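First up is the structure itself, then whatever we jot down about it.
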There are 2 protein chains.
Amino acid sequence: MAPKYKQVAEQIETDIVNHVYQHTNKLLTEDEYATKYDISRNTVRKAIEILVNKGYVYQVQGSGVFVRDHYNSDYVNLEKLQGLTSDFSGRKVETRPLAFEQTTANEEVAERMKCPVGTPVYYVKRLRLVDDHPFSVEDSYFRKSLVVYLDENIIRKSIYNYLRNDQKLAIGFADRVIYADFLKAEDAVLLELKENDPALLVDNTVYLTNGQIFDVSRATHHFKHVKMLKVSNIKS
Amino acid sequence: MAPKYKQVAEQIETDIVNHVYQHTNKLLTEDEYATKYDISRNTVRKAIEILVNKGYVYQVQGSGVFVRDHYNSDYVNLEKLQGLTSDFSGRKVETRPLAFEQTTANEEVAERMKCPVGTPVYYVKRLRLVDDHPFSVEDSYFRKSLVVYLDENIIRKSIYNYLRNDQKLAIGFADRVIYADFLKAEDAVLLELKENDPALLVDNTVYLTNGQIFDVSRATHHFKHVKMLKVSNIKS
DNA sequence: AAGTGGTCTAGACCACCGT
DNA sequence: CGGTGGTCTAGACCACTTC
């Protein structure tokens, strides 16, 4: 059972996507939502906060909450970690496994995973395509003691859905380091580009809620097809 | 007068940076902070939420709030918009003005600023250096009707501090689109790289609290010296 | 002045972690 | 089981926008 504020956030998000507020671009007031859903104003505010963080709306004190012009599906939204499928809903998203093996952490992986060299890990390499265009190549390592089981069937689909739903893994937070570099020859072939073209790289480190690292990955993105979007509020 | 939750967040942040929690890596409990600062638990939670979003700490239900290993000063943290000076505190940050003029929006700028072609704007081009290494080249346009005044002296320092503190401009939120491309010849010279090397680009659109766009910019970053960090929680 | 979002409180109860 | 974070409430008062 999801908490109320999440349910309400999803409700309002659906309304936004369905252009319910199109005439004025303005949401209902907080008091109106409180009455509508029979919840307290603070719960309404928590719901709206989620939408603010996702970049759907902005708040103006004394005035209201307004819908933003939003970037439909050309960007990878850095606020939504669920992966490509949610960013590119309505488009064809495909995953091609390129490698899958059980091995042990070499020095580089051990350093990124903060574990000893030789720790057992799963290695997965996958090519992702959107609308039949190569999108990114992804090298992932999963710590075997934490993910317990993986197979070739699972990695064709969403590894994360499997870990969350079937393995009940409590995924907590993630760091992503974003940078540019020369495209390696091996990846150039897969992305249908040339060696030493630019590449947009993202190094991921994913933690369980208790702070343990269970996954590190590096995604090499097609520089022409991939742009990342970060929305920010000037608070904090 | 900053709100309590912000003040407390800054207090705790200072404590973290000064290694006050180093022995256990664990913050005080929410109740302890509530007593310590004589505030309600909800206010403590708002303060801690800020630190979570900045990537300083993570929360474990039933257990406590823990300090993360943090990435001292090698990354541009996408959660902190204040600019380079705060990301690279303790390092030499320099800004060299390359161009400053009053002009009008051409088609590209008008499109990005969602304003008519011909709208009066300030154009600013600056080179940023960190520890004497070229870091990025930045092309910015400011909508003249909203920023009112700028001069060559201001753009040497922090334009944003000036707009916020002296002009009392209410800066609200920003979009950043991050991507990779070939480095242009003109920027290669400034960054001491070669034409067609990779470049890490960031297109910025900055809004006032009322939703008006007052600044658009494009930063071309040195691919070897710049990495961006995004920390995320798996909530929302 | 009325409307609407922003801050803050005090307290209740639940969910999860550890002993 | 006790400790600690997560959700939620009802209400007060402030700050800003709009008319």
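Letters A, B, ... are given to chains in the order of the sequence lines, protein chains preceding strands, and every chain is numbered from 1. Worth saying up front: this structure is predicted, and the values here are computed from it rather than measured.
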B/Glu32: partners by side chain to side chain contact (heavy atoms under 4.5 Å, CB included), with sequence neighbours left out | B/Leu28, B/Thr29
Test applied, side chain to side chain contact (heavy atoms under 4.5 Å, CB included); reference residue, B/Val8; option that passes from B/Ile48, B/Thr43, B/Ile39, B/Val44 = B/Ile39
B/S/- contact track for nucleotides 14-19 of chain D, protein heavy atom under 4.0 Å = -BBBS-
Quick one: A/Lys6 NZ to D/dT7 C1', roughly how many Å, whole number?
-> 11 Å
Does B/Tyr179 have any ring pair (Phe, Tyr, Trp, His ring centres under 6.0 Å) partners at least two apart in sequence or in another chain, and if so, which?
-> none
Distance test, side-chain N/O of A/Tyr5 to OP1/OP2 of D/dT7, below 4.0 Å = yes
Within this structure, what is the CG-to-P distance between B/Leu27 and D/dG5, rounded to whole angstrom?
-> 9 Å
Does CG belonging to B/Asp38 count more than 12 external heavy atoms closer than 6.0 Å?
-> no
Check ion pair B/Arg45-B/Glu49 (N to O, under 4.0 angstrom) = no
Given C/dT7, is OP1 or OP2 found less than 4.0 Å from the side-chain N or O atoms of B/Lys46?
-> yes
How many angstroms lie between CD1 in A/Ile50 and OH in A/Tyr56, if you round to the nearest 0.5 Å?
-> 12.0 Å
Evaluate whether atom CD of A/Glu107 has more than 12 neighbouring non-hydrogen atoms of other residues, nucleotides or ligands under 6.0 angstrom away.
-> no
Could you check if a side-chain atom of B/Leu229 sits within less than 4.5 angstrom of a side-chain atom of A/Ile178, using non-hydrogen atoms only?
-> no
Separation of B/Gln7 atom CD from C/dT7 atom P, in whole Å?
-> 12 Å
Return the value, rounded to whole Å, for the distance between atom OH of A/Tyr37 and atom C1' of D/dC8.
-> 17 Å
B/Arg45 side chain N/O closer than 4.0 Å to the phosphate oxygens (OP1, OP2) of D/dG6?
-> yes
Whole Å only: how far is the CG atom of A/Asn233 from the P atom of C/dG5?
-> 16 Å
Matching residue for A/Glu79 among A/Lys230, A/Arg176, A/Lys54 - test: salt bridge (Lys or Arg N to Asp or Glu O under 4.0 Å) = A/Lys230
Grab the CD-P distance between B/Glu49 and C/dC8 for me, whole Å please.
-> 14 Å
Anything under 3.5 Å between a donor and an acceptor, one on a side chain of residues 116-124 of chain B, the other on a protein residue two or more places apart or in another chain? List them.
unit_1	atom_1	unit_2	atom_2	d
B/Thr119	OG1	B/Pro116	O	2.6
B/Tyr122	OH	B/Val148	O	3.2
B/Tyr123	OH	B/Asp139	OD1	2.4

Separation of B/Gln59 atom CD from D/dG3 atom C1', in whole Å?
-> 16 Å
Specify whether B/Tyr207 and B/Phe173 have parallel, tilted or perpendicular ring planes, treating 30° as the upper limit for parallel and 60° as the lower limit for perpendicular.
-> parallel
Given axes from five pairs at either end, by how many degrees does the helix from C/dA1-D/dT18 to C/dG18-D/dC1 bend, rounded to 10°?
-> 20°
Should the pair B/Glu138-B/Lys125 be classified as a salt bridge under the 4.0 Å nitrogen-to-oxygen rule?
-> no
If you restrict it to nitrogen or oxygen atoms, what contacts under 3.5 Å exist between nucleotides 9-13 of chain C and the protein, and what is each distance?
unit_1	atom_1	unit_2	atom_2	d
C/dT9	OP1	B/Lys4	NZ	2.8
C/dT9	OP2	B/Ser40	N	2.9
C/dT9	OP2	B/Ser40	OG	3.1
C/dT9	OP2	B/Thr43	OG1	2.6
C/dA10	N6	B/Asn42	ND2	2.7

Give the nucleotide from the list D/dG5, C/dG6, D/dC8 with an atom nearest to the side chain of B/Thr29.
-> D/dG5
Mind calculating the distance between CD1 (B/Ile48) and P (D/dG5) to the nearest angstrom?
-> 7 Å
